[in-house]
Amino acid sequence: QPTVYGTSETIVVLQGIWIENSVNTPVTASSTGVVVDVGNEIDSRGRFIVLSHDYGYKTTYSHLQDILVSSGDTVKQGETIGTMGSSGNIGKNALYFTIEQEGVALNPANFF
């Protein structure tokens, strides 16, 4: 669905979901996996973590306050990997969560 992303004027098609909560709320791994990327993109998704999972799945957690893992770490489902924040261009306390398989975006709502 086309929407404005964060504080940008740009209209984009969202391929994930927003999860709002208080700053510093723990963010946990949705499934067991390996941390394949962490970073901070100030003008877009802020502090983020990408996990690689079995069967070609990847999950991304964006706009974090703090990142508590490093590239190469193995994490278990439910393990705290970061904290909720408003980094990047979001303008509110929220996690932007995406799931993909073999590079194809999937609707996270189908996994709840």
Side-chain angles (χ1 to χ4, degrees):
Q1 161 178 343
T3 188
V4 173
Y5 184 95
T7 58
S8 169
E9 298 280 327
T10 305
I11 302 294
V12 297
V13 176
L14 294 180
Q15 298 192 356
I17 58 172
W18 291 107
I19 302 169
E20 295 188 41
N21 210 324
S22 303
V23 70
N24 292 322
T25 297
V27 173
T28 61
S30 61
S31 183
T32 297
V34 176
V35 180
V36 293
D37 197 11
V38 296
N40 186 8
E41 296 176 354
I42 297 169
D43 293 332
S44 59
R45 60 182 171 167
R47 291 179 196 89
F48 67 91
I49 299 168
V50 180
L51 300 180
S52 177
H53 310 280
D54 290 340
Y55 308 108
Y57 286 100
K58 284 187 181 175
T59 53
T60 302
Y61 310 77
S62 300
H63 302 291
L64 301 170
Q65 179 70 25
D66 293 302
I67 294 173
L68 305 176
V69 293
S70 299
S71 287
D73 288 354
T74 298
V75 296
K76 294 184 178 177
Q77 182 177 19
E79 183 177 335
T80 300
I81 59 173
T83 59
M84 183 136 344
S86 61
S87 64
N89 69 346
I90 189 172
K92 61 183 174 182
N93 292 323
L95 170 70
Y96 185 60
F97 176 73
T98 64
I99 300 174
E100 65 180 67
Q101 185 178 32
E102 302 295 341
V104 176
L106 303 173
N107 183 348
N110 294 336
F111 292 84
F112 294 113

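With a 6.0 Å radius and a threshold of 12 heavy atoms from other residues, nucleotides or ligands, D43 has its CG atom at or below the threshold.
Using a distance-only test at 3.5 Å, with no hydrogens or angles considered, no donor-acceptor pair links the side chain of H53 to the main chain of K58.
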- [ ] Show your reasoning for whether side chain to side chain contact (heavy atoms under 4.5 Å, CB included) applies to L68 and I81.
- [x] CA-CA 5 Å; L68 305 176; I81 59 173; 5.8 Å; no
Open item on the list: side chain to side chain contact (heavy atoms under 4.5 Å, CB included) for I49 and V69? Distances and angles first, verdict last.
Closed with: CA-CA 8 Å; I49 299 168; V69 293; 3.8 Å; yes
Task: side chain to side chain contact (heavy atoms under 4.5 Å, CB included) assessment of L64 paired with V27 - done: CA-CA 8 Å; L64 301 170; V27 173; 3.8 Å; yes
Open item on the list: The test is side chain to side chain contact (heavy atoms under 4.5 Å, CB included); show your working for W18 and I90 and say whether it passes.
Closed with: CA-CA 10 Å; W18 291 107; I90 189 172; 2.9 Å; yes
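With rounding to the nearest 0.5 angstrom, the OG atom of S31 is 9.0 Å from the CG atom of L51. Between the OG atom of S62 and the CG atom of N89 there is a distance of 10.0 Å, given to the nearest 0.5 Å. For the atom pair S87 OG and H63 NE2, the distance stands at 7.0 Å (nearest 0.5 Å). With rounding to the nearest 0.5 Å, the separation of CG in N93 from OG1 in T83 is 10.0 Å. Put simply, OG on S22 and CE on M84 are 8.5 Å apart, with the number rounded to the nearest 0.5 Å.
Considering every non-hydrogen atom in both Y55 and Q101, the closest pair reads O-NE2, 2.9 Å. Residue K76 comes nearest to A29 through the heavy atom pair O-CB, 3.6 Å, listed as atom of the first residue, atom of the second, then distance. Of all non-hydrogen atoms in N24 and Q65, the two that sit nearest each other are OD1-CG, 3.4 Å. The minimum heavy-atom distance between Y96 and G16, with the atom names listed, is OH-N, 3.0 Å.
Under a hydrophobic clustering in which Ile, Leu, Val, Met, Phe, Trp and Tyr are joined whenever their side-chain heavy atoms come within less than 4.5 Å, directly or via other members, L95 and V50 fall into different clusters. In the hydrophobic cluster analysis, where Ile, Leu, Val, Met, Phe, Trp and Tyr join through side-chain heavy atoms closer than 4.5 angstrom, V35 is grouped together with I99.
The side-chain heavy atoms of V23 and T25, taken from C-beta on, include no pair separated by under 4.5 Å.
Defined by atom type and a distance below 3.5 Å, a donor-acceptor pair is present between the side-chain atoms of Y61 and T59.
Listed by first and then second residue, the salt bridge (charged side-chain N to carboxylate O under 4.0 Å, His left out) pairs that reach into residues 79-97 are E20-K92, sequence neighbours excluded. Judged as a side-chain hydrogen bond (donor to acceptor under 3.5 Å, both in side chains), the pairs with a partner in residues 32-41 (not counting sequence neighbours) are, in order, E41-S44, E41-R45.
With sequence neighbours excluded, no residue forms a ring-ring contact (aromatic ring centres under 6.0 Å, His included) with F48.
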